[in-house]
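Every chain is numbered from 1 and lettered A, B, ... according to where its sequence line falls, protein lines coming before strand lines.
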Amino acid sequence: MTPLLEVRDLRVRITLPATTVTPVDGVSFSLNRGEMLALVGESGAGKSLTCLALLQLLPAAASLAAGSTALLDGQDILALKGEALRKIRGKRIAIVFQDAGASLNPVLTVGDQVRETVQAHLPVTRAEAEARAISLLGEMGLPEPATQYERYPHQLSGGMRQRVMLAIALAAEPELLIADEPTSALDVTVQAQILALIDRERRTRGLGVLLVSHDLGVVATRADRVAVLYAGQIVEEAPTRELFGAPSHPYTRGLLAAIPRLRGPFVATSPMPGSVPDPASWPSGCRFGPRCPERFARCDTTPEITRHAPGHAVRCWLSERAR
Amino acid sequence: MNRWLLRRAASAMGTFLLACTLLFFLMRLTPGDPLLRLSEDRPMSPEALANLRAHYGLDQPVTTQFVAFVGGVLRGDLGASIEHGGRPVVSLLRERLPASLLLGATTLLLNFSLGIAIGAWQARHAGRRSERWVDLAGLATASAPSFWVAIVLAWAFGTELRWFPVAFMYDPLLPADASPLAHVIDYLRHLVLPAATLTIVTVGVTARYQRATMLEALAMAPVRAARARGLTESRVRWRHAWPNALGPMLALFGLWLPIVVSGSVFVESVFAWPGLGTLAAEALASRDYPVLMGTAILIAATVVAASFFADLAHRWVDPRLRTT
Amino acid sequence: MTDSLGVPGALPREPSGRAGVLLLLALGAAVLLLPPFLPDPRAQPDLVAGVLLPPGWDHPLGTDHLSRDVFARLVYGGRVSLAVSLGAALLAVTLGAGVGLVAGYAGGRTDAVLMRVVDAALAVPRLILLLLVVALLERIPLWGLILAIGATGWLGTSRLVRAETMRLRTMEFVRAASALGAGHLRILLRHLAPNVAGPLVVATTLAAGDVMLLEAGLSYLGLGVQAPTPSWGNMIFDAKPYLVTAPWVAVAPGIAILLGVFAVNLVGESLGQRFGGHHR
Ligand SMILES: Nc1ncnc2c1ncn2[C@@H]1O[C@H](COP(=O)(O)OP(=O)(O)OP(=O)(O)O)[C@@H](O)[C@H]1O
Ligand SMILES: [Mg+2]
């Protein structure tokens, strides 16, 4: 069976005044229908750029390097242009952005923004699109959807705006949803509700989901598999259970140790010392080397990502030695 | 909404009255006596001068004059012209206003439609070599003196090529019983050069402003989100980006009026366009101060009203402003 | 922020900004250095056969209706026009900076009153204000013209400076200075003024362009620079009746104004990019 999405060797370059950097540097993964893959990593790891690159929405300074491919049902969507690209966006792949509140246009009613998306992709009349938009808003848990339809984004709460964004994303029944930290700005209860909504679509319609988060705790209960991104590269990928049960990469272990053990606002976490280096100053050899507590001589050379158990791949010399 | 409207209207009224006050004291404080300047080329006996002084209330204390002046403005009485046989200034203004409105409205229409089209094009192709040249051309045309452009256009397209008339608003020799269409065409032909002049010297600024606001709007998160959901490029630009670029453009509209007005003092007089600009220039030549003052007051009222309506329109365009 | 124009290393980076600086330098050099080599701009050598001569060897831009050399008048007129622009722009920006600093620093009622007045004054176009003032004065001297144009041009700048001052006022170093017991005047002059210098340079440049156009306009209406002193504006005024027979007499000063204002705007724009956005 071909996977729904197969990303191979994705590279994003950014031209800065002085140099060119590669903040996404050879990312590969695949995702099946009805599956949820979580992409986790600290701030600056390159998660958002990966998402944007898939839909060719990179900022002006950034570009895709030659050789990057992303096959949607076998078709390379990174090579698409114009109308063909437009018909993929929103129709087959939908995205919810990191700062969803700012993604709604302040001068249009939220209903209009759902409706136009329906109309852009489905052969419906305006009235039908409107009816569908209202029912979508209702499905996303907005009370009195017909009233909310007429309202402007600034009249809604953050959680409601996020539900609207989700309604927009699901308006044309996409096959794949890319959700870039869809809940990071929301409080815990709303977070859970939004994730439950996404999960429902996955189970009922076979929606494939690429869920981005910097918080492993959020993905633990929902994702089928997890890919850990560090400094533009995937350092470990495994089924969720296995990743949590037997993390192989020291970075993954660090991330897991940083998960708060108790739920609630006052739990102190123990984050790893340091942060993701800037793309302009990535170290040679293993990029995690300078922060790694288990560093040894070999880490001065660059490790490749290798399979170490079925469905479990790691980019670390330690796991190589263990074999 | 209504309370906002009332407050905004009251503030506009206050601004207008304050502007009138400033104009009044400006005239009082400037060294130089209007009546002396007036009598320069009209020999007058001292008694006649004293009579005139009394007639205009200039022998009264300043406070009395001021009260009379403001009262007049509020009643719509701007005094009498010196040059035009003592006709009320208001009736002169009323006579000249339509011509100026025609020219001004045409100019603003051309200015905004061309400026927005050019600026949107520039924003779309920002950084391209051809775009950079268009940008410089906009700056260059905005650097040209309007009267000079008027003279050159009149000479090239009027005198030399004989394509368009170079004076007046209509042809006095056109028979009154000519078809309405002939009259309309006649008006339009007379309108071409003055409107073109004013548009040339103003459109560059609008285009560059639209370019900047549109670039800003195109960089907004909602625009990226609109692209991400597969809307057509023209919908992304005009439905999602453009309304966000419109607010600042409306403010520009408020700023344009005075510039168009000033520009038309020159342009109208070059083309003998029978509007307020020509009236002001004539009043200037004959030192007809009441008329000059009346023109200034009318313009101030227009400018204040324009910025009021621009604010109103801005609220209409941007729903976020409506809740306050 | 401290490097100034004129130092070769401080030339703007973008070509249009450089072109503007070079154009301005060329114009300045021409009006300063050329006059000794030119005929008297007021001389009327031959009122019979020497009027409205087309451009040629003796008169690079021909002669006007009084047989005066157009090129010489253009250069002398440039002196006047550039001097008026610079003088009036500096005056306007100084006044604007003063009012803006006071309003922004004092805040409260002073600020409210000042800005209210500025708002009202902005309702009357500057040209109309000038017409009212200048028409009252008989044969206005050059300094009077500079004064009048400068005194009517500070409104926009005062708003700009006020906004900038209000922003700076709340910042740490000003608070610190005030906590250390520095007086108001000292804070204004030592701490705030230098920080608004960048936007002010931009404002002056753009104001100079506006003034050049205004001076030309007033002179064109016969209200600005008075004959026989040439200025770019009154040259166009004089040339108007001979447009058909001798267009060069009107075209030359028009192009000079256009180039002068364009150069100033180019410089202003590139300075504006350096010092942070400044819209007109
Ligand atoms: N437009 C840009 N110009 C320059 N650098 C950029 C740009 N966008 C992203 N970067 C850099 O690329 C790297 C990856 O950014 P990205 O936004 O993908 O991180 P992220 O993993 O999504 O982080 P976060 O959790 O904070 O959202 C960062 O170092 C960032 O500074
Ligand atoms: Mg991100």
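- Proximity to chain B is absent for every atom of C/V264, based on heavy atoms less than 4.5 angstrom apart.
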Which is it for B/T278 and B/E282 under the side-chain hydrogen bond (donor to acceptor under 3.5 Å, both in side chains) test, yes or no, and what are the steps along the way? CA-CA 6 Å; B/T278 309; B/E282 289 164 4; 5.7 Å; no
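- Ranked by heavy-atom pairs under 4.5 Å with chain B, the first of C/L129, C/L132, C/L266, C/V117 is C/L132.
- In the model, C/S219 has a side-chain atom that pairs as donor or acceptor with a side-chain atom of C/E215 under 3.5 Å.
- Contact count versus chain C (heavy atoms, under 4.5 Å) is highest, among B/T302, B/L18, B/T159, B/L17, for B/L18.
- Residues B/S307 and B/R8 have side chains that bring a donor and an acceptor to within less than 3.5 angstrom of each other.
- Using a 4.5 Å cut-off on side-chain heavy atoms (C-beta onward), B/T141 and B/V201 make no contact.
- In this structure, OG1 on B/T295 lies 10.0 Å from CG on B/L284, to the nearest 0.5 angstrom.
- Using the six-membered ring where Trp is involved, B/F147 and C/Y220 have ring planes that are parallel, under 30° apart on the 30 and 60° scheme.
- Smallest separation of non-hydrogen atoms from B/D135 and B/Q122: OD1-NE2, 3.1 Å.
- The parts of B/V270 that come within reach of chain C are both its backbone and its side chain, each placing non-hydrogen atoms under 4.5 angstrom from that chain.
- Of the two parts of B/L22, only the side chain, counted from C-beta on, holds a non-hydrogen atom closer than 4.5 Å to a non-hydrogen atom of chain C.
- Contacts between B/S11 and chain C at a heavy-atom distance below 4.5 Å involve backbone atoms as well as side-chain atoms.
- Considering only heavy-atom pairs separated by less than 4.5 Å from chain C, the leading option among B/L292, B/L139, B/L26 is B/L139.
- Within the 4.5 angstrom heavy-atom criterion, no atom of C/L214 approaches chain B.
- Residue B/A306 does not touch chain C at all, counting heavy-atom pairs closer than 4.5 Å.
- In this structure, a donor-acceptor pair under 3.5 Å is present between the side chains of B/E268 and B/S100.
- Here C/A120 is the residue among C/G233, C/A120, C/A250 with the most heavy-atom pairs under 4.5 Å with chain B.
- No part of C/L259 comes within reach of chain B, as not one of its non-hydrogen atoms sits under 4.5 angstrom from that chain.
- Using a 4.5 Å cut-off between heavy atoms, B/L252 makes no contact with chain C at all.
- Heavy-atom distances place both the backbone and the side chain of C/L131 under 4.5 Å from chain B.
- Heavy-atom neighbours of B/F157 CZ from other residues, nucleotides or ligands within 6.0 Å: at or below the threshold of 12.
- When the candidates B/T21, B/T15, B/L136 are compared by the number of heavy-atom contacts under 4.5 Å with chain C, B/T15 comes out ahead.
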